[in-house]
Amino acid sequence: MTLNIDQESCIKCGKCVRVCPSDIFTQERAGETIGLVRVESCIVCGHCVDVCPTGSVSHSEFPPEKTHTIDYSQMPTPEQVMLLIKSRRSNRTLTSRPVPKEMLDKIVEAAHSAPTATNSQSLSFTVVTDPRKLRQVSDYTIGVFDSLAKLLLNPVVKCVVKPFMKDVYKYVPVFNRLKEEHKAGKDPILRKATALLLIHTPKSNRFGSEDANLAYQNASLMAQSLGVSQIYMGFVLTAIRQEGKDTLAKTLGIDGKIQAIMALGIPAFKYPKYTDRKEIVKNYIE
């Protein structure tokens, strides 16, 4: 990796100094020459290249073809962004029509563009559209829940555990209902989604869950803008955590830890309205 400053075109504005999270850029006083220190500590975030008004910062990881000018006149208004956010719902009325690949690619690109802790960019994405694999995900989830229900109903376990975990036992009827619906072909897990987006990270990533959920939010809003329904797969994630193994990851050929899962499908219809949420609980400390 190389990082340089073209001192002839540099206007010494100091913006690179102010934005660098690793304090690599130096400037003794306003208007003086910009210097570089500890270049090896660069986290390759690109802030310096993107903020420079004269293109004087050159970074080997961000050649000209990877650097793009932002046309702020094309940005959506705050009102448009708010409408997109408020119109987003987990619309489970899905059709059998597949989500076009170009839409899936845009959703993944949006997820990939999310920030990550220390700019690790260690998220990976797996998109599943094979009906057999989708069925395996549902089968796996139901199987884990069924095993858990049987364990909880074991007389010895129930006698010891139930007094301390009453809330857990409330889910036993839910697990049984899901099992029966699954047998009947109602697909209570994936809701007949035609695609799954799995976001995963290396197991060593300490901030994998946080990074994945930031990416998920990006993907969700992009899907909404494309008219694609998206549903958070809480049941599947719960099954993965409950089992405590890599069974599903291995089944899908994923090397790493699954952190977030989104079901995707083409909705049968759109919601013409949105309703307000509960009153906001907020505090300003000034």
Side-chain angles (χ1 to χ4, degrees), residues 74 76 80-114 123-145 174 177-200 212-240 247-254 258-275:
Q74 298 299 310
Q80 289 171 329
V81 174
M82 186 63 79
L83 180 59
L84 178 66
I85 291 170
K86 290 192 173 184
S87 67
R88 200 217 70 78
R89 300 191 76 92
S90 297
N91 188 343
R92 295 174 173 82
T93 57
L94 304 180
T95 68
S96 59
R97 286 185 291 130
V99 180
K101 186 176 182 300
E102 57 269 22
M103 289 188 176
L104 293 173
D105 287 342
K106 284 187 177 180
I107 291 168
V108 172
E109 182 181 355
H112 179 63
S113 299
L123 294 174
S124 296
F125 308 91
T126 296
V127 179
V128 181
T129 57
D130 182 343
R132 294 170 299 175
K133 291 293 185 182
L134 293 173
R135 175 74 186 192
Q136 285 180 320
V137 174
S138 290
D139 290 344
Y140 162 81
T141 305
I142 294 296
V144 172
F145 287 166
V174 176
R177 174 179 59 80
L178 293 174
K179 180 181 177 181
E180 293 305 313
E181 290 182 359
H182 183 64
K183 279 185 179 179
K186 294 182 180 179
D187 194 11
I189 303 301
L190 304 189
R191 303 288 181 165
K192 299 191 182 299
T194 57
L196 276 184
L197 170 60
L198 298 101
I199 306 174
H200 42 98
N213 281 289
L214 287 171
Y216 185 102
Q217 186 66 9
N218 269 22
S220 178
L221 292 176
M222 175 56 76
Q224 182 69 15
S225 74
L226 292 168
V228 176
S229 287
Q230 69 277 187
I231 309 165
Y232 192 83
M233 290 287 96
F235 279 143
V236 185
L237 287 169
T238 298
I240 293 171
T247 302
L248 185 61
K250 291 177 180 177
T251 298
L252 299 176
I254 292 173
I258 298 171
Q259 303 282 9
I261 309 174
M262 176 186 295
L264 297 159
I266 301 298
F269 50 78
K270 293 182 179 180
Y271 286 77
K273 297 178 290 225
Y274 71 83
T275 52

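Computed from a predicted structure; not experimentally measured.
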Sequence-distant partners of [X], salt bridge (charged side-chain N to carboxylate O under 4.0 Å, His left out), two or more places apart:
{"X": "Arg135", "result": "Asp139"}
{"X": "Lys186", "result": "none"}
{"X": "Lys101", "result": "Asp105"}
{"X": "Arg177", "result": "Glu181"}

Could you tell me the separation between the [atom1] atom of [X] and the [atom2] atom of [Y], rounded to the nearest 0.5 Å?
{"X": "Ser87", "Y": "Met82", "atom1": "OG", "atom2": "CE", "answer": "11.5 Å"}
{"X": "Leu221", "Y": "Arg88", "atom1": "CG", "atom2": "CZ", "answer": "8.0 Å"}
{"X": "Thr129", "Y": "Leu264", "atom1": "OG1", "atom2": "CG", "answer": "11.0 Å"}
{"X": "Lys270", "Y": "Gln224", "atom1": "NZ", "atom2": "CD", "answer": "8.5 Å"}
{"X": "Thr141", "Y": "Leu178", "atom1": "OG1", "atom2": "CG", "answer": "9.5 Å"}
{"X": "Ile258", "Y": "Leu198", "atom1": "CD1", "atom2": "CG", "answer": "5.0 Å"}

Hey, does [Y] have a side-chain heavy atom less than 4.5 Å from the side chain of [X]?
{"X": "Arg89", "Y": "Thr275", "result": "yes"}
{"X": "Thr247", "Y": "Val144", "result": "no"}
{"X": "Met222", "Y": "Glu109", "result": "no"}
{"X": "Leu196", "Y": "Val236", "result": "no"}
{"X": "Thr251", "Y": "Tyr140", "result": "no"}
{"X": "Phe145", "Y": "Lys179", "result": "no"}
{"X": "Glu180", "Y": "Lys183", "result": "yes"}
{"X": "Val137", "Y": "Lys133", "result": "no"}

For this session: Using side chain to side chain contact (heavy atoms under 4.5 Å, CB included) as the criterion, point out the one residue from Ile261, Thr238, Leu197 that pairs with Met233.
Result: Ile261
For this session: Kindly check if the number of other-residue, nucleotide or ligand heavy atoms within 6.0 Å of OH (Tyr274) is above 12?
Result: no
Which atoms form the tightest heavy-atom contact between [X] and [Y], and what is the distance?
{"X": "Met262", "Y": "Ser220", "answer": "CE-N, 3.5 Å"}
{"X": "Ala111", "Y": "Phe125", "answer": "CB-CE2, 3.6 Å"}
{"X": "Val128", "Y": "Leu134", "answer": "O-CD2, 3.7 Å"}
{"X": "Asn218", "Y": "Ser113", "answer": "ND2-C, 3.9 Å"}
{"X": "Pro267", "Y": "Ser229", "answer": "CB-OG, 3.2 Å"}
{"X": "Leu123", "Y": "Ala215", "answer": "CD1-CB, 3.6 Å"}

For this session: Any pair with a residue in residues 187-200 that passes side chain to side chain donor-acceptor pair (under 3.5 Å), sequence neighbours left out, goes on the list, sorted by first then second residue, please.
Result: Thr126-His200, Ser138-Asp187
Exercise. Within the side chain of Tyr216, is there an N or O that forms a donor-acceptor pair under 3.5 Å with the backbone of Gln259?
Worked result: no
Exercise. By side-chain hydrogen bond (donor to acceptor under 3.5 Å, both in side chains), which residues pair with Asn91, not counting sequence neighbours?
Worked result: Thr93
For this session: Apply side-chain contact (heavy atoms from CB on, under 4.5 Å) to the pair Leu94 and Ile231, showing each step before the final yes or no.
Result: CA-CA 11 Å; Leu94 304 180; Ile231 309 165; 4.2 Å; yes
